Visitor: 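Please find one structure pasted underneath; my questions will follow.
Counting starts at 1 for both ligands and their atoms, following the listed order. Predicted model only: the values in this text are computed from it and were never measured.
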Amino acid sequence: MLPDHWSAKGRQEHLPHLIDEHWDIIIIGGGISGAGLLFEASRRGYRALLLEKNDFASGSSSQSSKLVHGGIRYLASGQLGLTRKAVQAREQLCQQLPGLVEHLPLMMPHYRGQLPSRLSFRALMWVYDLLAGKKYHRGLSVADIQKAAPTLRSQQCYAATQFEDAITDDARLTLRVLLEAAQLGGKAFNYCTVESTRLLKSRHEDGGFQVTVKPEDYPAIQLETRQVIHATGAWTSSPRERLEGKHSDSDSGAPAAGSDAAIRVRPLRGSHLLFPQKRLPLTKGICLIHPDDNRLLFALPWQGYTLVGTTDIDHTSSMDDPVKIQEAEQHYLFKALKHYFPASKLTPADCLSTWSGVRPVLSLKNTRKKAHKDGTMPSEEPREHKVWWQDGQLYLCGGKLTTFQSMAEDAINQLAFKPQAPVAKPWPELGANSHNQGEFLLIPESLHQMYGPDALRLHRTIPADQKIVATPYYKAELHWALAHLGVVHLDDLLLRRTRIGLLYADGAESLKIELAQLCEQYLNWDEHQFEQEWTRYQQIRQEIHHAL
Ligand SMILES: Cc1cc2nc3c(=O)[nH]c(=O)nc-3n(C[C@H](O)[C@H](O)[C@H](O)COP(=O)(O)OP(=O)(O)OC[C@H]3O[C@@H](n4cnc5c(N)ncnc54)[C@H](O)[C@@H]3O)c2cc1C
């Protein structure tokens, strides 16, 4: 069942009626954390509503490195608990959402005189595989390496170790989780900014909260809910700052923030580059140790292209400004590429697009000083999530794309009040493998990835028989997204429902006329409105997705 409030008409009809309901939970933020919360809350029978100020997954959840992984870096730094949780989440997601989350072989090349050595890395991989309960890693010869990455520097390279992680499309994963939540009654609206939350009465009287929401295309509305959960990622303000500031509400009946007041949100930016496969050919992911600082980078095959990333530096700009790659980061990434792929002779002109995101990293080090002033390197900060109470409201922040399910469970477990409806299916049935039977077998695999049980309806409505040139997408997906998947602006369609805008160096000018016709058909946009949207989309691409 598709959410009927995600069509253009449905949105206009449903927005005014949000005030008629008394919600159990309002979730602020439509990234992977918010999507996971909406699924988990709906599954347990709560009446839940998610509000996102921009598009779904427009924050960090479309700007990650796309890995669903245990994190060998966390393992190497001794974060065994986090690695175990993430490895198990990886295995589970590959089973739950085949195609959307897919196993990816990666190799660590070993060079004479450079760490990690074959011996030490294989010892690490034994532990990594032990946590997964399956042996994946194996040795590769120099010939195997050249076959998988023909332009990788072979000088001094004596072997490689292959191991297993997984890869996804983060924005499409977020949307898929929202679609699953909608099947269970969860509602989600994009382009709805939560302007304020106000305690109605003491929490002991079960009074709940008033939430002021400003939809982009509708006057502000005030909603009532028993509980608010903040899942605003890098936009979350640090508890101590909030406790010391005007938001502090000692009369709220909240569990004391107490020891959690030591948490600080440390925004850390990471950037990526995307190249055509033929300029940087790979059939497996590759781990690269940066020659300057020994940080781990990845070059990964993704969507028929090669992505390279990431950086890890303090994001000092305002979170109100667009997040984009800086010259020093681009230089840093190219330095690694020149070192490892000299034969590719890559320059910024080869780069199709870039993207950058801000990790909502929680620094738990020091209560008084800013963590980074303590000298902790960005890559050394722990990546665990944290759930805390403040002013009677619940916060979920930090963690990883990979672990979104356990993060959501952790937060929803903290609610003291009971839902009205019975508990529905548990996580492991998310996107059940119904597509192994009957008519489903006729549908292209990539449609199952994104649409799960709805893939059949999509294929029956608009047969998926024509692909968009140089992309993994079918034209039918454009129709489907415009009709059913909450597209409000053109960039929602071209940068998140699909990633077409990242795959074409010119932003897909060749599709412009066809897109104008589709937007008229499904969104009722006239020529003028389409031109405005096209300009907006191209400006976004130019400003935040262009190589410098
Ligand atoms: C460079 C980089 C690489 C990464 N690579 C990986 C990886 O390979 N694997 C992995 O597992 N994890 C990875 N991560 C981590 C992962 O991407 C993030 O942990 C995750 O996406 C955070 O999701 P979130 O929902 O908490 O935050 P976000 O996705 O940022 O969502 C928060 C949302 O809240 C919204 N919001 C804020 N204020 C309001 C308001 N007032 N009203 C309504 N909405 C609001 C924002 O618009 C935003 O969409 C990476 C992160 C980065 C930055």
Visitor: Tell me which protein heavy atom sits closest to atom 15 (C) of ligand 1, plus the residue, atom name and distance to 0.1 Å.
Guide: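 The closest heavy atom on the protein side is L401 N, 4.1 Å.
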Visitor: Indicate the ring-plane relationship of W302 and W355, choosing parallel, tilted or perpendicular according to the 30° and 60° boundaries.
Guide: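 Aromatic pair W302/W355 classed tilted.
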Visitor: Which of the numbered atoms in ligand 1 are below 4.0 angstrom from a heavy atom of C192?
Guide: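 It comes down to these atoms of ligand 1: 43 (C).
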Visitor: List for me each residue that meets side chain to side chain donor-acceptor pair (under 3.5 Å) alongside R90, sequence neighbours excluded, and say none if there are none.
Guide: D165
Visitor: Strictly distance-based, threshold 3.5 Å: is any side-chain N or O of D492 a donor or acceptor partner for the main-chain N or O of V487?
Guide: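 Such a contact is absent between D492 side chain and V487 backbone.
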Visitor: For G399, take its heavy atoms, then give the atoms of ligand 1 lying under 4.0 Å from any of them.
Guide: 19 (O)
Visitor: What class does the angle between the rings of F334 and F275 fall in, given that below 30° is parallel, 30 to 60° is tilted and above 60° is perpendicular?
Guide: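 Correct class here is perpendicular.
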Visitor: Provide the number and element of each atom of ligand 1 under 4.0 Å from a heavy atom of G357.
Guide: 53 (C)
Visitor: Whether the side chain of R496 engages the backbone of S62 through a donor-acceptor N/O pair (distance < 3.5 Å, no angle test) should be reported.
Guide: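 Pair absent, no side-chain N/O of R496 close to backbone of S62.
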Visitor: Please state which option from A89, P267, A171, S64 has its nearest heavy atom closest to atom 14 (N) of ligand 1.
Guide: S64
Visitor: Going by the closest heavy atom to atom 22 (C) of ligand 1, which one wins out of G31, A35, S61?
Guide: S61
Visitor: Can any side-chain N or O of T212 pair as donor or acceptor with the backbone N or O of Q222 at less than 3.5 Å?
Guide: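 Answer holds: no.
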Visitor: How far apart are the C-alpha atoms of E329 and S271, what are their side-chain angles, what is the distance that settles it, and do they pass the side chain to side chain donor-acceptor pair (under 3.5 Å) test?
Guide: CA-CA 7 Å; E329 289 176 278; S271 297; 2.8 Å; yes
Visitor: Quick one: pull up CE in M407 and NZ in K400 and give me the separation to the nearest 0.5 Å.
Guide: 10.5 Å
Visitor: Quick one: do L173 and L97 satisfy side-chain contact (heavy atoms from CB on, under 4.5 Å)? Show the steps, please.
Guide: CA-CA 9 Å; L173 174 65; L97 297 170; 3.6 Å; yes
Visitor: Side chain, backbone, both or neither: which part of T174 has a heavy atom under 4.0 Å from ligand 1?
Guide: neither
Visitor: Is A234 near ligand 1, meaning one of its heavy atoms is under 4.0 Å from it?
Guide: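 Outside the 4.0 Å threshold, so no.
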Visitor: Hey, looking at atom 11 (O) of ligand 1, which of N190, L37, T402 has the closest heavy atom?
Guide: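 That would be T402.
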Visitor: If you measure from each non-hydrogen atom of V194 to ligand 1, which part falls under 4.0 Å: side chain, backbone, both or neither?
Guide: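 Both backbone and side chain.
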Visitor: Would you mind listing which atoms of ligand 1 come within a distance below 4.0 Å of any non-hydrogen atom of G59?
Guide: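 Checking each atom against G59, I get 29 (O), 30 (O), 49 (O).
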Visitor: Under a 4.0 angstrom heavy-atom cut-off, which atoms of ligand 1 come close to T310?
Guide: 1 (C)
Visitor: Do any nitrogen or oxygen atoms of V358 come within less than 3.5 Å of a nitrogen or oxygen of ligand 1?
Guide: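 Checking ligand 1 against V358, no N or O pair falls under 3.5 Å apart.
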Visitor: Answer yes or no for A86: is there a heavy-atom contact with ligand 1 below 4.0 Å?
Guide: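 Contact absent.
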Visitor: Considering only the protein, which heavy-atom contact is closest to atom 5 (N) of ligand 1, and what is its distance?
Guide: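 Result: S65 N, 3.0 Å.
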Visitor: Quick check on contacts: which atoms of ligand 1 are under 4.0 angstrom from a heavy atom of G233?
Guide: 26 (O), 27 (O), 32 (C)
Visitor: Identify, for atom 43 (C) of ligand 1, the protein heavy atom at the shortest distance, and state residue, atom and that distance.
Guide: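 In this structure, atom 43 (C) of ligand 1 has K53 N, 3.2 Å as its nearest protein heavy atom.
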Visitor: Which protein non-hydrogen atom lies closest to atom 28 (P) of ligand 1, naming both residue and atom, and how far is it?
Guide: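 Nearest protein contact, heavy atoms only, for atom 28 (P) of ligand 1 is S60 N, 3.7 Å.
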Visitor: Between A231 and ligand 1, find which residue part has any heavy-atom pair under 4.0 Å and reply side chain, backbone, both or neither.
Guide: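 It is the backbone that touches ligand 1; the side chain stays farther off.
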Visitor: Report yes if some N/O of L67 lies less than 3.5 Å from some N/O of ligand 1; otherwise report no.
Guide: yes
Visitor: Within less than 4.0 angstrom of ligand 1, does E195 place any heavy atom?
Guide: no
Visitor: For the residue pair Y136 and H103, does the interplanar ring angle fall in the parallel (under 30°), tilted (30 to 60°) or perpendicular (over 60°) class?
Guide: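 If you compare the ring of Y136 with that of H103, the planes turn out tilted.
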Visitor: For ligand 1, which atoms sit closer than 4.0 Å to a heavy atom of Q63?
Guide: 1 (C), 2 (C)
Visitor: Assess whether side-chain contact (heavy atoms from CB on, under 4.5 Å) is satisfied between L297 and T311, documenting all intermediate values.
Guide: CA-CA 8 Å; L297 305 182; T311 54; over 6 Å; no
Visitor: Does only the side chain of H69 get under 4.0 Å from ligand 1, or the backbone, or both, or neither? Count heavy atoms.
Guide: side chain
Visitor: How are the rings of H290 and Y332 set relative to one another: parallel (under 30°), tilted (30 to 60°) or perpendicular (over 60°)?
Guide: parallel
Visitor: Atoms of ligand 1 less than 4.0 Å from H272 heavy atoms?
Guide: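 Under 4.0 Å from H272, ligand 1 has these atoms: 1 (C).
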Visitor: Could you work out, with side chain to side chain donor-acceptor pair (under 3.5 Å) as the rule, every residue matching D129, not counting sequence neighbours?
Guide: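 So D129 forms a side chain to side chain donor-acceptor pair (under 3.5 Å) with H137.
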Visitor: In this structure, which one of R176, R497, R499 forms a salt bridge (Lys or Arg N to Asp or Glu O under 4.0 Å) with D169?
Guide: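 It is R499, the one option of R176, R497, R499 that forms the salt bridge (Lys or Arg N to Asp or Glu O under 4.0 Å) with D169.
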Visitor: Under 3.5 Å between any N/O of V68 and any N/O of ligand 1: does that happen in this structure?
Guide: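 V68 vs ligand 1: no N/O contact under 3.5 Å.
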Visitor: Got a second to check how far R536's CZ is from D491's CG, nearest 0.5 Å?
Guide: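 Spacing of CZ (R536) from CG (D491) equals 4.0 Å.
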